[in-house]
Number of protein chains: 2
Amino acid sequence: MWRALAHATRRQVLDLLVESPRTTGQVVAALGLDRHVVMAHLAVLRDAGLVLSERRGRVRMNFLNAVPIQEIHHRWVTPASGPWASALIAVRDGAEALQEGPGTPGLVDDRRISG
Amino acid sequence: MWRALAHATRRQVLDLLVESPRTTGQVVAALGLDRHVVMAHLAVLRDAGLVLSERRGRVRMNFLNAVPIQEIHHRWVTPASGPWASALIAVRDGAEALQEGPGTPGLVDDRRISG
DNA sequence: TCATTACGTAAACTATTGACTACATATAGT
DNA sequence: ACTATATGTAGTCAATAGTTTACGTAATGA
């Protein structure tokens, strides 16, 4: 799934499909890319479980499957407590440097980075 | 950044760093992988802005930077409204099939998939 | 300053991806 | 049955990514 999300074109496809299901041809038209390229990306998305598709007559309708996205939730959001939760909350509160903690350098102090 | 998250080892590194900052050597020891492999992954994470690091004497301390992760949040988690929000809420409510909507097939009806 | 420890750089090699080309199949409508 | 439309499959190729190997640099402490 992460691999599937690693390509900008595939994220674009997801953005199209989250709006409404589309046939492969419609996705091709919307992106203005070669049909085979789009088909390959759709295949990756299907393998990742992010897209469900179904042949209907001579077209194939592609649906978004948001379920796998929940994994992102459960990794970073749901754990109401846990390291990720605090790290993300720290960011939200503009306290990115929190993690360095006491005894950890601020930014410039003495001489930190050798060179 | 997406590319950086696409590799399981790099996600493992992030899981280590979210817990606490570590030196490169500590990450290597924790993962039990070749030092160069870990260094390469750390370089990718640094380029993606997910890890900040700083040389201290003869070690290099690596810190998690959760800021970029917020991008994912703002795209899929936070969006109080918008297509992604409804898709994800549909999932939460166990209504994954919602999207197919009326006029769209259930699962088996007449004959959908030719073969 | 010398040995040890810890990180850095570069080259070589392999595997995986992504894009392109050519050919093939299946359905809708006439 | 025939044609146009829409999708499917296979093969090639360049680019990228990941790993391994070899050599190099810098700091700690005796």
Side-chain angles (χ1 to χ4, degrees), chain A residues 1-17 20-63 104-105 109-115, chain B residues 1-14 16-17 20-63 103-105 109-115:
Chain A
M1 153 170 183
W2 289 101
R3 190 184 91 61
L5 292 171
H7 200 287
T9 299
R10 288 194 288 264
R11 293 196 298 276
Q12 270 187 276
V13 171
L14 292 182
D15 283 336
L16 283 171
L17 295 184
S20 82
R22 320 225 173 181
T23 68
T24 302
Q26 289 174 327
V27 175
V28 168
L31 297 183
L33 297 175
D34 183 87
R35 183 173 66 86
H36 298 90
V37 170
V38 174
M39 280 180 66
H41 284 308
L42 279 171
V44 172
L45 290 169
R46 250 183 290 119
D47 289 349
L50 287 164
V51 164
L52 301 174
S53 70
E54 186 185 66
R55 186 102 195 229
R56 292 196 195 164
R58 63 179 162 182
V59 302
R60 175 175 287 277
M61 192 60 80
N62 301 280
F63 304 91
T104 308
D109 197 307
D110 207 293
R111 50 85 226 225
R112 221 108 247 158
I113 296 171
S114 60
Chain B
M1 154 170 184
W2 287 102
R3 190 183 90 62
L5 292 170
H7 200 286
T9 299
R10 287 194 289 264
R11 293 196 298 277
Q12 271 187 276
V13 170
L14 292 182
L16 283 172
L17 295 185
S20 82
R22 321 225 173 182
T23 68
T24 302
Q26 289 173 328
V27 174
V28 168
L31 298 182
L33 297 174
D34 183 88
R35 183 172 67 88
H36 298 89
V37 170
V38 174
M39 280 180 65
H41 285 308
L42 278 171
V44 172
L45 290 169
R46 251 183 289 120
D47 290 347
L50 288 163
V51 165
L52 300 174
S53 70
E54 184 185 68
R55 186 104 195 227
R56 291 194 196 167
R58 65 178 162 184
V59 302
R60 174 175 288 277
M61 192 60 79
N62 301 279
F63 304 91
T104 308
D109 196 307
D110 207 293
R111 49 87 226 221
R112 224 108 239 165
I113 296 169
S114 59

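Here is the naming used below: chain letters follow the sequence lines, and residue numbers restart at 1 for every chain.
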If I take atom CG from residue B/Leu52 and atom CE from residue B/Met61, how far apart are they, to the nearest 0.5 angstrom? 13.5 Å
Nucleotides 15-19 of chain C: which of its N/O atoms have a protein N/O under 3.5 Å away?
{"unit_1": "C/dT17", "atom_1": "OP1", "unit_2": "A/Arg3", "atom_2": "NE", "d": "3.2"}
{"unit_1": "C/dG18", "atom_1": "OP1", "unit_2": "A/Arg10", "atom_2": "NH2", "d": "3.2"}
{"unit_1": "C/dG18", "atom_1": "OP2", "unit_2": "A/Arg3", "atom_2": "NH1", "d": "3.4"}
{"unit_1": "C/dG18", "atom_1": "OP2", "unit_2": "A/Arg10", "atom_2": "NH1", "d": "3.2"}
{"unit_1": "C/dA19", "atom_1": "OP2", "unit_2": "A/His41", "atom_2": "NE2", "d": "2.8"}

Residues which pass salt bridge (Lys or Arg N to Asp or Glu O under 4.0 Å) with B/Asp34, listed by chain and number, not counting sequence neighbours: none
Using salt bridge (Lys or Arg N to Asp or Glu O under 4.0 Å) as the criterion, list what pairs up with A/Arg22, not counting sequence neighbours. A/Glu19
Min side-chain heavy-atom separation B/Leu31-B/Val37 under 4.5 Å: no
Acceptor/donor pairs from residues 1-9 of chain A side chains to any protein atom, 3.5 angstrom cut, sequence neighbours excluded:
{"unit_1": "A/His7", "atom_1": "ND1", "unit_2": "A/Thr9", "atom_2": "N", "d": "3.1"}

Between A/Val38 and A/Val27 the two heavy atoms that sit nearest each other are CG1-CG1, 3.6 Å
List the protein contact pattern of nucleotides 5-11 of chain D with one symbol per nucleotide (5' to 3'): B for base contact, S for sugar-phosphate-only contact, - for none; contact means a heavy-atom distance under 4.0 Å. BSBBB--
Nearest 0.5 angstrom please: B/Thr24 OG1 to B/Arg55 CZ, how far? 8.5 Å
Sequence neighbours excluded, which residues qualify as side chain to side chain contact (heavy atoms under 4.5 Å, CB included) partners of A/Asp15? B/Arg75, B/Trp84
Output the rounded distance in Å from CG (B/Leu42) to C1' (D/dA17). 16 Å
What side-chain donor-acceptor pairs closer than 3.5 Å can you find for residues 41-51 of chain B, not counting sequence neighbours?
{"unit_1": "B/His41", "atom_1": "ND1", "unit_2": "B/Arg10", "atom_2": "NH1", "d": "3.2"}
{"unit_1": "B/Arg46", "atom_1": "NE", "unit_2": "B/Ser53", "atom_2": "OG", "d": "3.3"}

Helix axis bend for the helix from C/dT1-D/dA30 to C/dT30-D/dA1 - C1'-based end axes, five pairs, 10° rounding: 30°
Could you check how far CG of B/Asp34 sits from P of C/dC7, rounded to whole Å? 13 Å
Residues at least two apart in sequence or cross-chain that pass side-chain hydrogen bond (donor to acceptor under 3.5 Å, both in side chains) with B/Arg11, listed by chain then number, are none
